Trainee: 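Got a structure for you, written out below as C-alpha coordinates; questions coming shortly.
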Amino acid sequence: MRHFAVVGSGPAGFYTAEALQKAYGEQARIDILDRYPVPYGLIRFGVAPDHQSLKAVSKRYDKVVESAGVDFIGNVTLGRDVSVAELLDLYDAVILGIGAPHDRKLGIPGEDLPGVVGSAEFVGWYNGHPEFADLDPPLDGTHAAVIGNGNVALDCARILSKTRAEFEGSDIVRHALEALEQSAIRTITILGRRGPHQIAMTPKELGELGHLEETLPVVDLNDFPPRAADEGLEPGQRKSVTILREFADIRANKRKSMIFDFFAKPLRIEGDGKAERLVVERTELDEKGAARGTGETYTVPASLVISCIGYSTPPIEGVAYDERGGKFLNEAGRIGERLFAVGWARRGPTGTIGTNRPDGYEVADRIAAEMPPGSSGERAGAEGLKRLLESRGVMPTDYDDWRKIEETEAANARPGSPREKFVRVAHWLETLGR
Ligand code: NAP
(Lines give C-alpha, C1' and ligand atoms only; values in the text may rest on other atoms or scores of the structure.)
Protein backbone atom coordinates (compact mmCIF):
# COMPACT_ATOMS: atom_id res chain seq x y z
CA MET A 1 0.00 0.00 0.00
CA ARG A 2 1.20 3.51 -0.86
CA HIS A 3 0.19 6.63 1.04
CA PHE A 4 0.07 10.01 -0.67
CA ALA A 5 -0.59 13.42 0.86
CA VAL A 6 -1.89 16.11 -1.47
CA VAL A 7 -1.74 19.44 0.35
CA GLY A 8 -4.32 21.92 -0.91
CA SER A 9 -7.84 21.08 -2.05
CA GLY A 10 -8.18 23.45 -4.98
CA PRO A 11 -8.29 22.35 -8.62
CA ALA A 12 -4.59 21.39 -8.72
CA GLY A 13 -4.88 19.18 -5.65
CA PHE A 14 -8.06 17.50 -6.84
CA TYR A 15 -6.81 16.73 -10.36
CA THR A 16 -3.65 15.25 -8.86
CA ALA A 17 -5.64 13.11 -6.43
CA GLU A 18 -7.86 11.98 -9.31
CA ALA A 19 -4.81 11.01 -11.38
CA LEU A 20 -3.17 9.15 -8.47
CA GLN A 21 -6.40 7.32 -7.75
CA LYS A 22 -6.66 6.24 -11.38
CA ALA A 23 -3.02 5.16 -11.48
CA TYR A 24 -3.00 3.19 -8.22
CA GLY A 25 -6.60 2.10 -7.70
CA GLU A 26 -6.83 0.14 -4.47
CA GLN A 27 -3.07 0.13 -3.99
CA ALA A 28 -2.91 3.64 -2.58
CA ARG A 29 -4.60 5.84 -0.03
CA ILE A 30 -4.69 9.48 -0.98
CA ASP A 31 -5.32 12.17 1.61
CA ILE A 32 -6.26 15.65 0.44
CA LEU A 33 -5.33 18.10 3.18
CA ASP A 34 -6.55 21.67 3.54
CA ARG A 35 -6.07 24.40 6.10
CA TYR A 36 -9.82 25.12 6.06
CA PRO A 37 -12.54 22.77 7.30
CA VAL A 38 -14.09 22.72 3.80
CA PRO A 39 -12.35 22.06 0.49
CA TYR A 40 -12.07 23.62 -2.97
CA GLY A 41 -9.67 26.52 -2.44
CA LEU A 42 -9.80 28.68 -5.55
CA ILE A 43 -13.23 27.36 -6.53
CA ARG A 44 -14.73 28.53 -3.26
CA PHE A 45 -12.61 31.61 -2.57
CA GLY A 46 -11.29 32.75 -5.96
CA VAL A 47 -13.73 32.12 -8.79
CA ALA A 48 -16.18 35.02 -9.03
CA PRO A 49 -19.51 34.39 -7.29
CA ASP A 50 -21.42 35.37 -10.44
CA HIS A 51 -19.55 32.69 -12.43
CA GLN A 52 -21.45 29.71 -11.09
CA SER A 53 -20.84 27.65 -14.23
CA LEU A 54 -17.09 27.70 -13.48
CA LYS A 55 -17.73 26.65 -9.89
CA ALA A 56 -19.72 23.65 -11.14
CA VAL A 57 -16.42 21.84 -11.76
CA SER A 58 -16.48 21.00 -8.04
CA LYS A 59 -19.05 18.29 -8.90
CA ARG A 60 -16.23 16.43 -10.60
CA TYR A 61 -14.04 16.85 -7.53
CA ASP A 62 -16.85 15.49 -5.35
CA LYS A 63 -16.59 12.25 -7.30
CA VAL A 64 -12.85 12.06 -6.64
CA VAL A 65 -13.19 12.32 -2.88
CA GLU A 66 -16.11 9.89 -2.93
CA SER A 67 -14.01 7.27 -4.70
CA ALA A 68 -12.33 4.48 -2.75
CA GLY A 69 -9.03 5.30 -1.12
CA VAL A 70 -9.40 9.11 -1.25
CA ASP A 71 -10.05 11.15 1.90
CA PHE A 72 -10.42 14.79 2.78
CA ILE A 73 -8.59 15.99 5.91
CA GLY A 74 -9.44 19.62 6.64
CA ASN A 75 -8.53 22.16 9.31
CA VAL A 76 -4.84 21.26 9.12
CA THR A 77 -2.31 23.97 8.33
CA LEU A 78 0.99 22.94 6.80
CA GLY A 79 3.87 24.62 8.57
CA ARG A 80 1.83 25.16 11.75
CA ASP A 81 0.11 21.88 12.60
CA VAL A 82 2.44 19.62 10.67
CA SER A 83 5.71 20.18 8.80
CA VAL A 84 6.71 19.03 5.32
CA ALA A 85 9.41 16.83 6.91
CA GLU A 86 6.79 15.15 9.10
CA LEU A 87 4.50 14.54 6.14
CA LEU A 88 7.40 13.04 4.20
CA ASP A 89 7.94 10.71 7.10
CA LEU A 90 4.29 9.64 7.10
CA TYR A 91 3.66 9.46 3.34
CA ASP A 92 5.38 7.93 0.31
CA ALA A 93 5.04 11.23 -1.55
CA VAL A 94 3.85 14.71 -0.65
CA ILE A 95 2.36 16.93 -3.34
CA LEU A 96 2.05 20.64 -2.64
CA GLY A 97 -0.93 22.20 -4.39
CA ILE A 98 -1.31 25.17 -2.10
CA GLY A 99 -1.95 27.70 -4.87
CA ALA A 100 -0.72 31.27 -4.84
CA PRO A 101 -2.80 33.09 -2.25
CA HIS A 102 -0.56 36.15 -1.75
CA ASP A 103 -0.76 39.38 -3.75
CA ARG A 104 2.30 40.50 -5.68
CA LYS A 105 3.37 43.95 -4.59
CA LEU A 106 3.22 46.94 -6.93
CA GLY A 107 6.44 48.30 -5.45
CA ILE A 108 5.35 51.96 -5.73
CA PRO A 109 5.02 54.70 -3.09
CA GLY A 110 1.60 54.89 -1.44
CA GLU A 111 0.93 51.19 -1.86
CA ASP A 112 0.35 50.82 1.88
CA LEU A 113 -2.20 53.63 2.18
CA PRO A 114 -5.66 52.64 3.43
CA GLY A 115 -7.88 52.13 0.40
CA VAL A 116 -5.23 50.22 -1.55
CA VAL A 117 -5.96 46.50 -1.60
CA GLY A 118 -4.66 43.50 -3.48
CA SER A 119 -6.96 41.35 -5.57
CA ALA A 120 -6.50 38.35 -3.24
CA GLU A 121 -7.89 40.51 -0.43
CA PHE A 122 -10.73 42.01 -2.46
CA VAL A 123 -11.72 38.72 -4.12
CA GLY A 124 -11.44 36.98 -0.74
CA TRP A 125 -13.71 39.64 0.78
CA TYR A 126 -16.58 39.13 -1.67
CA ASN A 127 -16.11 35.35 -1.66
CA GLY A 128 -16.15 34.95 2.13
CA HIS A 129 -12.50 34.02 2.66
CA PRO A 130 -12.04 34.00 6.45
CA GLU A 131 -8.82 36.02 6.25
CA PHE A 132 -10.45 38.85 4.33
CA ALA A 133 -14.03 38.93 5.58
CA ASP A 134 -13.21 42.06 7.60
CA LEU A 135 -11.52 43.94 4.75
CA ASP A 136 -14.29 46.53 4.52
CA PRO A 137 -12.99 48.16 1.32
CA PRO A 138 -13.89 51.86 1.04
CA LEU A 139 -16.87 52.12 -1.31
CA ASP A 140 -17.94 55.61 -0.22
CA GLY A 141 -15.94 57.49 -2.88
CA THR A 142 -17.11 57.90 -6.46
CA HIS A 143 -13.93 56.65 -8.15
CA ALA A 144 -12.12 53.30 -8.05
CA ALA A 145 -9.06 52.15 -9.95
CA VAL A 146 -8.22 48.57 -10.88
CA ILE A 147 -4.59 47.96 -11.85
CA GLY A 148 -3.83 45.15 -14.31
CA ASN A 149 -5.22 43.87 -17.58
CA GLY A 150 -5.96 40.24 -16.71
CA ASN A 151 -9.16 38.35 -15.93
CA VAL A 152 -8.85 39.07 -12.23
CA ALA A 153 -8.96 42.80 -12.99
CA LEU A 154 -12.15 42.15 -14.97
CA ASP A 155 -13.66 40.14 -12.09
CA CYS A 156 -12.98 42.96 -9.61
CA ALA A 157 -14.25 45.71 -11.94
CA ARG A 158 -17.38 43.72 -12.80
CA ILE A 159 -18.20 42.99 -9.16
CA LEU A 160 -17.93 46.73 -8.42
CA SER A 161 -20.28 47.44 -11.32
CA LYS A 162 -23.16 45.09 -10.74
CA THR A 163 -26.53 45.82 -9.21
CA ARG A 164 -28.08 43.65 -6.53
CA ALA A 165 -30.37 42.09 -9.13
CA GLU A 166 -27.36 41.11 -11.23
CA PHE A 167 -26.06 39.02 -8.32
CA GLU A 168 -29.20 36.88 -8.40
CA GLY A 169 -28.13 33.23 -8.55
CA SER A 170 -24.59 34.00 -7.39
CA ASP A 171 -23.11 32.90 -4.08
CA ILE A 172 -21.68 36.28 -3.12
CA VAL A 173 -21.50 36.63 0.65
CA ARG A 174 -24.01 38.80 2.41
CA HIS A 175 -21.54 41.37 3.80
CA ALA A 176 -20.20 42.08 0.30
CA LEU A 177 -23.62 42.18 -1.35
CA GLU A 178 -24.90 44.67 1.20
CA ALA A 179 -21.79 46.86 1.02
CA LEU A 180 -21.83 46.86 -2.78
CA GLU A 181 -25.48 47.85 -2.82
CA GLN A 182 -24.58 50.98 -0.84
CA SER A 183 -21.51 51.71 -2.96
CA ALA A 184 -21.06 55.28 -4.24
CA ILE A 185 -18.58 54.24 -6.93
CA ARG A 186 -19.58 55.55 -10.34
CA THR A 187 -16.29 55.41 -12.27
CA ILE A 188 -13.99 52.42 -12.39
CA THR A 189 -10.75 52.93 -14.27
CA ILE A 190 -8.91 49.79 -15.38
CA LEU A 191 -5.26 50.64 -15.87
CA GLY A 192 -3.13 48.57 -18.24
CA ARG A 193 0.56 49.33 -18.50
CA ARG A 194 0.52 48.13 -22.11
CA GLY A 195 -2.04 48.31 -24.93
CA PRO A 196 -5.17 46.53 -26.17
CA HIS A 197 -3.13 43.94 -28.07
CA GLN A 198 -1.30 42.96 -24.88
CA ILE A 199 -4.31 42.33 -22.65
CA ALA A 200 -4.55 39.04 -20.73
CA MET A 201 -8.37 39.11 -20.73
CA THR A 202 -10.43 36.41 -22.41
CA PRO A 203 -13.38 36.97 -24.78
CA LYS A 204 -16.15 35.51 -22.63
CA GLU A 205 -15.16 37.61 -19.62
CA LEU A 206 -14.85 40.78 -21.74
CA GLY A 207 -18.12 40.10 -23.54
CA GLU A 208 -20.09 40.21 -20.27
CA LEU A 209 -19.19 43.85 -19.82
CA GLY A 210 -21.27 44.92 -22.79
CA HIS A 211 -24.44 43.77 -21.01
CA LEU A 212 -24.10 45.28 -17.56
CA GLU A 213 -27.28 46.87 -16.29
CA GLU A 214 -25.89 50.14 -14.98
CA THR A 215 -22.32 50.26 -16.27
CA LEU A 216 -20.94 51.27 -19.64
CA PRO A 217 -17.50 49.99 -20.73
CA VAL A 218 -15.53 52.84 -22.30
CA VAL A 219 -12.53 52.59 -24.64
CA ASP A 220 -10.61 55.20 -26.62
CA LEU A 221 -10.07 53.90 -30.15
CA ASN A 222 -6.94 56.08 -30.38
CA ASP A 223 -5.27 53.54 -28.07
CA PHE A 224 -5.74 50.78 -30.65
CA PRO A 225 -3.38 49.90 -33.49
CA PRO A 226 -4.95 50.03 -36.99
CA ARG A 227 -7.65 47.35 -37.31
CA ALA A 228 -5.59 45.44 -39.90
CA ALA A 229 -2.99 44.74 -37.21
CA ASP A 230 -5.56 42.57 -35.39
CA GLU A 231 -5.09 39.97 -38.13
CA GLY A 232 -1.68 39.10 -36.69
CA LEU A 233 -3.16 38.15 -33.31
CA GLU A 234 -3.91 34.59 -32.30
CA PRO A 235 -7.66 33.93 -32.69
CA GLY A 236 -8.66 34.17 -29.02
CA GLN A 237 -6.77 37.42 -28.56
CA ARG A 238 -8.23 38.79 -31.81
CA LYS A 239 -11.71 38.05 -30.48
CA SER A 240 -10.93 39.85 -27.21
CA VAL A 241 -9.61 42.89 -29.04
CA THR A 242 -12.66 42.93 -31.33
CA ILE A 243 -14.95 42.93 -28.30
CA LEU A 244 -12.97 45.79 -26.80
CA ARG A 245 -13.24 47.79 -30.03
CA GLU A 246 -16.99 47.20 -30.13
CA PHE A 247 -17.41 48.85 -26.75
CA ALA A 248 -16.83 52.12 -28.60
CA ASP A 249 -20.06 51.50 -30.58
CA ILE A 250 -22.33 51.02 -27.58
CA ARG A 251 -24.75 53.92 -27.38
CA ALA A 252 -26.35 53.98 -23.96
CA ASN A 253 -26.75 56.21 -20.97
CA LYS A 254 -25.72 54.43 -17.81
CA ARG A 255 -25.03 55.60 -14.29
CA LYS A 256 -21.59 54.09 -14.06
CA SER A 257 -18.63 53.81 -16.39
CA MET A 258 -15.79 51.34 -16.61
CA ILE A 259 -12.95 53.11 -18.38
CA PHE A 260 -10.15 51.13 -20.02
CA ASP A 261 -7.05 53.28 -19.65
CA PHE A 262 -4.29 51.69 -21.73
CA PHE A 263 -0.59 52.57 -21.78
CA ALA A 264 -0.97 53.69 -18.17
CA LYS A 265 1.69 52.80 -15.61
CA PRO A 266 1.00 53.72 -11.98
CA LEU A 267 3.90 55.67 -10.49
CA ARG A 268 2.53 56.33 -7.01
CA ILE A 269 -0.64 56.50 -4.98
CA GLU A 270 -1.32 59.74 -3.14
CA GLY A 271 -3.76 61.02 -0.57
CA ASP A 272 -4.17 62.54 2.85
CA GLY A 273 -3.80 59.48 5.08
CA LYS A 274 -5.71 57.34 2.55
CA ALA A 275 -5.78 56.71 -1.17
CA GLU A 276 -7.26 59.59 -3.13
CA ARG A 277 -5.53 59.47 -6.49
CA LEU A 278 -3.00 57.64 -8.61
CA VAL A 279 -0.22 59.38 -10.45
CA VAL A 280 0.16 57.56 -13.73
CA GLU A 281 2.74 57.72 -16.49
CA ARG A 282 1.75 57.34 -20.11
CA THR A 283 3.73 54.50 -21.71
CA GLU A 284 4.53 53.20 -25.15
CA LEU A 285 5.79 49.81 -26.27
CA ASP A 286 9.53 49.35 -26.68
CA GLU A 287 11.17 47.10 -29.30
CA LYS A 288 10.59 44.04 -27.11
CA GLY A 289 6.93 44.87 -26.51
CA ALA A 290 7.49 45.98 -22.90
CA ALA A 291 6.02 49.17 -21.42
CA ARG A 292 8.37 52.18 -21.57
CA GLY A 293 7.50 55.42 -19.80
CA THR A 294 7.10 58.51 -21.99
CA GLY A 295 7.57 61.04 -19.18
CA GLU A 296 4.00 62.31 -19.56
CA THR A 297 2.10 61.98 -16.29
CA TYR A 298 -1.50 62.57 -15.17
CA THR A 299 -3.67 61.71 -12.21
CA VAL A 300 -6.58 59.31 -11.87
CA PRO A 301 -8.89 59.89 -8.88
CA ALA A 302 -9.48 56.76 -6.80
CA SER A 303 -10.37 56.23 -3.15
CA LEU A 304 -10.31 52.49 -3.75
CA VAL A 305 -7.33 51.02 -5.62
CA ILE A 306 -7.32 47.28 -6.35
CA SER A 307 -4.06 45.89 -7.69
CA CYS A 308 -4.64 42.82 -9.85
CA ILE A 309 -1.12 42.13 -10.98
CA GLY A 310 -0.67 38.50 -10.02
CA TYR A 311 -0.06 36.28 -7.03
CA SER A 312 2.66 34.29 -5.28
CA THR A 313 2.91 31.08 -3.30
CA PRO A 314 4.12 31.53 0.29
CA PRO A 315 7.52 29.98 0.98
CA ILE A 316 7.57 27.01 3.37
CA GLU A 317 10.54 26.27 5.58
CA GLY A 318 12.77 23.63 4.11
CA VAL A 319 11.17 23.73 0.64
CA ALA A 320 13.24 25.17 -2.22
CA TYR A 321 11.67 28.45 -3.38
CA ASP A 322 11.88 30.51 -6.55
CA GLU A 323 11.73 34.13 -5.33
CA ARG A 324 11.34 35.66 -8.77
CA GLY A 325 8.60 33.31 -9.89
CA GLY A 326 6.86 33.37 -6.49
CA LYS A 327 6.54 29.56 -6.54
CA PHE A 328 8.38 26.45 -5.38
CA LEU A 329 11.62 25.72 -7.17
CA ASN A 330 10.83 22.60 -9.15
CA GLU A 331 11.73 20.69 -12.23
CA ALA A 332 8.53 19.63 -14.08
CA GLY A 333 6.77 19.43 -10.72
CA ARG A 334 9.53 17.70 -8.78
CA ILE A 335 10.89 19.73 -5.87
CA GLY A 336 13.02 17.03 -4.29
CA GLU A 337 12.96 13.43 -3.22
CA ARG A 338 9.28 12.36 -2.86
CA LEU A 339 8.24 16.03 -2.77
CA PHE A 340 6.26 17.58 -5.64
CA ALA A 341 4.40 20.75 -6.57
CA VAL A 342 1.31 21.12 -8.74
CA GLY A 343 -0.81 24.01 -10.03
CA TRP A 344 0.13 27.61 -9.29
CA ALA A 345 2.62 26.46 -6.62
CA ARG A 346 4.42 24.68 -9.46
CA ARG A 347 3.90 26.99 -12.49
CA GLY A 348 3.10 30.37 -11.02
CA PRO A 349 -0.31 32.05 -11.23
CA THR A 350 -1.25 31.42 -14.85
CA GLY A 351 -3.79 29.39 -16.77
CA THR A 352 -7.39 28.42 -16.28
CA ILE A 353 -8.86 25.85 -13.90
CA GLY A 354 -8.56 23.25 -16.67
CA THR A 355 -4.80 23.87 -17.04
CA ASN A 356 -4.38 22.10 -13.72
CA ARG A 357 -5.65 18.84 -15.10
CA PRO A 358 -2.70 17.92 -17.36
CA ASP A 359 -0.44 19.49 -14.74
CA GLY A 360 -1.70 17.16 -11.99
CA TYR A 361 -1.75 14.11 -14.27
CA GLU A 362 1.86 14.75 -15.31
CA VAL A 363 3.03 14.84 -11.70
CA ALA A 364 1.00 11.72 -10.86
CA ASP A 365 2.69 9.98 -13.83
CA ARG A 366 6.09 10.95 -12.45
CA ILE A 367 5.20 9.57 -9.06
CA ALA A 368 3.90 6.34 -10.60
CA ALA A 369 7.16 6.02 -12.55
CA GLU A 370 9.23 6.48 -9.40
CA MET A 371 7.13 4.12 -7.27
CA PRO A 372 5.24 1.86 -9.67
CA PRO A 373 1.77 0.66 -8.70
CA GLY A 374 2.23 -2.77 -7.20
CA SER A 375 5.32 -1.77 -5.23
CA SER A 376 4.71 -1.18 -1.56
CA GLY A 377 5.83 1.34 1.00
CA GLU A 378 5.89 1.23 4.76
CA ARG A 379 4.57 4.61 5.73
CA ALA A 380 1.90 5.19 8.36
CA GLY A 381 -0.25 7.55 6.21
CA ALA A 382 -3.49 9.01 7.61
CA GLU A 383 -3.45 6.93 10.79
CA GLY A 384 -0.03 8.29 11.70
CA LEU A 385 -1.04 11.83 10.75
CA LYS A 386 -4.17 11.68 12.89
CA ARG A 387 -2.16 10.45 15.89
CA LEU A 388 0.32 13.28 15.43
CA LEU A 389 -2.45 15.89 15.11
CA GLU A 390 -4.23 14.55 18.16
CA SER A 391 -1.05 14.81 20.20
CA ARG A 392 -0.98 18.49 19.23
CA GLY A 393 -4.63 19.15 20.00
CA VAL A 394 -5.50 19.69 16.33
CA MET A 395 -8.96 18.42 15.37
CA PRO A 396 -9.11 17.74 11.64
CA THR A 397 -12.38 17.71 9.72
CA ASP A 398 -13.39 14.86 7.45
CA TYR A 399 -15.79 14.34 4.55
CA ASP A 400 -18.85 14.07 6.83
CA ASP A 401 -17.91 17.29 8.67
CA TRP A 402 -17.49 19.15 5.41
CA ARG A 403 -20.88 17.94 4.16
CA LYS A 404 -22.52 18.95 7.40
CA ILE A 405 -21.06 22.45 7.07
CA GLU A 406 -22.26 22.73 3.48
CA GLU A 407 -25.72 21.48 4.38
CA THR A 408 -25.98 24.09 7.12
CA GLU A 409 -24.86 26.79 4.68
CA ALA A 410 -27.43 25.64 2.14
CA ALA A 411 -30.16 25.53 4.78
CA ASN A 412 -29.47 29.20 5.49
CA ALA A 413 -30.15 30.07 1.86
CA ARG A 414 -32.04 33.26 1.11
CA PRO A 415 -33.23 34.86 -2.12
CA GLY A 416 -30.39 36.15 -4.25
CA SER A 417 -27.86 33.80 -2.79
CA PRO A 418 -28.07 30.02 -3.00
CA ARG A 419 -25.98 29.63 0.11
CA GLU A 420 -25.18 31.74 3.15
CA LYS A 421 -21.47 31.02 3.31
CA PHE A 422 -19.67 30.98 6.62
CA VAL A 423 -16.85 33.49 6.72
CA ARG A 424 -15.23 32.48 10.00
CA VAL A 425 -13.39 29.29 10.77
CA ALA A 426 -15.05 29.43 14.20
CA HIS A 427 -18.51 29.36 12.56
CA TRP A 428 -17.57 26.33 10.53
CA LEU A 429 -16.38 24.53 13.63
CA GLU A 430 -19.44 25.63 15.67
CA THR A 431 -21.59 23.87 13.07
CA LEU A 432 -19.78 20.71 14.09
CA GLY A 433 -20.36 21.39 17.76
CA ARG A 434 -16.70 22.14 18.43
P1 NAP B 1 -2.62 37.80 -15.41
O2 NAP B 1 -3.53 37.23 -16.41
O3 NAP B 1 -1.20 37.37 -15.41
O4 NAP B 1 -2.67 39.40 -15.55
C5 NAP B 1 -1.88 40.22 -14.76
C6 NAP B 1 -1.92 41.63 -15.31
O7 NAP B 1 -1.20 42.47 -14.43
C8 NAP B 1 -1.29 41.79 -16.69
O9 NAP B 1 -2.09 42.65 -17.46
C10 NAP B 1 0.06 42.45 -16.37
O11 NAP B 1 0.54 43.29 -17.39
C12 NAP B 1 -0.32 43.29 -15.17
N13 NAP B 1 0.81 43.65 -14.35
C14 NAP B 1 1.74 42.83 -13.79
N15 NAP B 1 2.61 43.55 -13.05
C16 NAP B 1 2.22 44.84 -13.15
C17 NAP B 1 2.71 46.05 -12.60
N18 NAP B 1 3.78 46.07 -11.81
N19 NAP B 1 2.06 47.21 -12.91
C20 NAP B 1 0.98 47.20 -13.70
N21 NAP B 1 0.46 46.09 -14.25
C22 NAP B 1 1.08 44.91 -13.97
O23 NAP B 1 -3.10 37.52 -13.91
P24 NAP B 1 -4.54 37.52 -13.22
O25 NAP B 1 -5.48 38.47 -13.83
O26 NAP B 1 -4.20 37.61 -11.78
O27 NAP B 1 -5.08 36.05 -13.50
C28 NAP B 1 -4.38 34.89 -13.06
C29 NAP B 1 -4.80 33.69 -13.89
O30 NAP B 1 -6.13 33.32 -13.53
C31 NAP B 1 -4.82 33.98 -15.36
O32 NAP B 1 -4.38 32.86 -16.07
C33 NAP B 1 -6.27 34.26 -15.63
O34 NAP B 1 -6.68 34.06 -16.96
C35 NAP B 1 -6.94 33.28 -14.69
N36 NAP B 1 -8.31 33.73 -14.39
C37 NAP B 1 -9.30 33.27 -15.18
C38 NAP B 1 -10.59 33.69 -14.98
C39 NAP B 1 -11.69 33.18 -15.86
O40 NAP B 1 -11.44 32.33 -16.70
N41 NAP B 1 -12.90 33.68 -15.76
C42 NAP B 1 -10.89 34.59 -13.95
C43 NAP B 1 -9.84 35.06 -13.16
C44 NAP B 1 -8.55 34.61 -13.40
P45 NAP B 1 1.71 42.81 -18.39
O46 NAP B 1 1.05 41.91 -19.38
O47 NAP B 1 2.20 44.07 -18.97
O48 NAP B 1 2.72 42.08 -17.54
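Worth saying up front: this structure is predicted, and the values here are computed from it rather than measured. One-based numbering, in listed order, for ligands and for the atoms of each. Atom set for the values below is all heavy atoms of this structure, side chains included, hydrogens, waters and symmetry mates excluded.
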Trainee: Closer than 4.0 Å to some heavy atom of Cys308 - which atoms of ligand 1 meet that?
Mentor: 5 (C), 6 (C), 7 (O)
Trainee: Using a 4.0 Å cutoff against the non-hydrogen atoms of Gly148, which atoms of ligand 1 qualify?
Mentor: 7 (O)
Trainee: Counting heavy atoms only, which of Asn151, Val123, Ile309 is nearest atom 38 (C) of ligand 1?
Mentor: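 Ranked by closest heavy atom to atom 38 (C) of ligand 1, first place is Asn151.
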Trainee: So which heavy atom in the protein is nearest atom 2 (O) of ligand 1, and how far is it from that ligand atom?
Mentor: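 The answer is Ala200 CB, 3.5 Å.
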Trainee: Give a yes or no answer on whether the side chain of Glu121 reaches the backbone of Gly118 with a donor-acceptor pair at less than 3.5 Å.
Mentor: yes
Trainee: Kindly identify the option in Glu208, Arg194, Glu205 whose heavy atom sits closest to atom 47 (O) of ligand 1.
Mentor: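 Answer by nearest heavy atom: Arg194.
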Trainee: With a 3.5 Å distance limit and no angle check, can you tell me whether Thr202 reaches the backbone of Lys204 through a side-chain donor-acceptor pair?
Mentor: no
Trainee: With no hydrogens and no angle check, is any side-chain donor or acceptor of Glu111 less than 3.5 Å from a backbone partner on Gly107?
Mentor: yes
Trainee: Just do the salt bridge (Lys or Arg N to Asp or Glu O under 4.0 Å) check on Arg346 and Asp322 with the steps written out, would you?
Mentor: CA-CA 10 Å; Arg346 167 188 174 181; Asp322 166 5; over 6 Å; no
Trainee: Taking both backbone and side-chain atoms of Pro266, is any N or O found less than 3.5 Å from an N or O belonging to ligand 1?
Mentor: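 Checking ligand 1 against Pro266, no N or O pair falls under 3.5 Å apart.
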Trainee: Could you tell me whether Arg268 and Glu281 make a salt bridge, using a distance below 4.0 angstrom between a side-chain N and a carboxylate O?
Mentor: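 No, this pair does not count.
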Trainee: Run the numbers for me: atoms of ligand 1, each under 4.0 Å from some heavy atom of Thr350, listed by number.
Mentor: 32 (O)
Trainee: Any side-chain donor-acceptor pair under 3.5 Å between His197 and Asp230?
Mentor: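 Per modelled atom types, His197 and Asp230 side chains form a pair under 3.5 Å.
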Trainee: To which of Arg347, Met201, Gln198, Arg193 does the heavy atom nearest atom 16 (C) of ligand 1 belong?
Mentor: Arg193
Trainee: Can we call the ring centroids of Trp402 and Tyr40 under 6.0 Å apart?
Mentor: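 Yes - the distance between ring centres of Trp402 and Tyr40 falls below the 6.0 Å cut-off.
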Trainee: What atoms of ligand 1 come closer than 4.0 angstrom to any heavy atom of Pro349?
Mentor: 28 (C), 29 (C)
Trainee: Less than 4.0 Å from atom 11 (O) of ligand 1, is there any heavy atom belonging to the protein?
Mentor: yes
Trainee: Say whether Ala153, considering both its backbone and side-chain N or O atoms, lies within less than 3.5 Å of an N or O atom on ligand 1.
Mentor: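 N/O-N/O distance under 3.5 Å: no.
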Trainee: Can you tell me which residue among Val7, Val319, Ile335 is in a side-chain contact (heavy atoms from CB on, under 4.5 Å) with Val84?
Mentor: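 Testing each of Val7, Val319, Ile335 against Val84, the sole residue satisfying side-chain contact (heavy atoms from CB on, under 4.5 Å) is Val319.
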Trainee: For residues Tyr61 and Tyr15, establish whether the separation of their ring centroids is below 6.0 Å.
Mentor: yes
Trainee: Of the side chain and backbone of Leu154, name the one, both, or neither that has a heavy atom under 4.0 Å from an atom of ligand 1.
Mentor: neither
Trainee: Under the 4.0 Å line, does any protein heavy atom show up next to atom 26 (O) of ligand 1?
Mentor: yes
Trainee: Within the 4.0 Å heavy-atom shell around Asp155, which atoms of ligand 1 are there?
Mentor: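 By the 4.0 Å cutoff, the relevant atoms are 42 (C), 43 (C).
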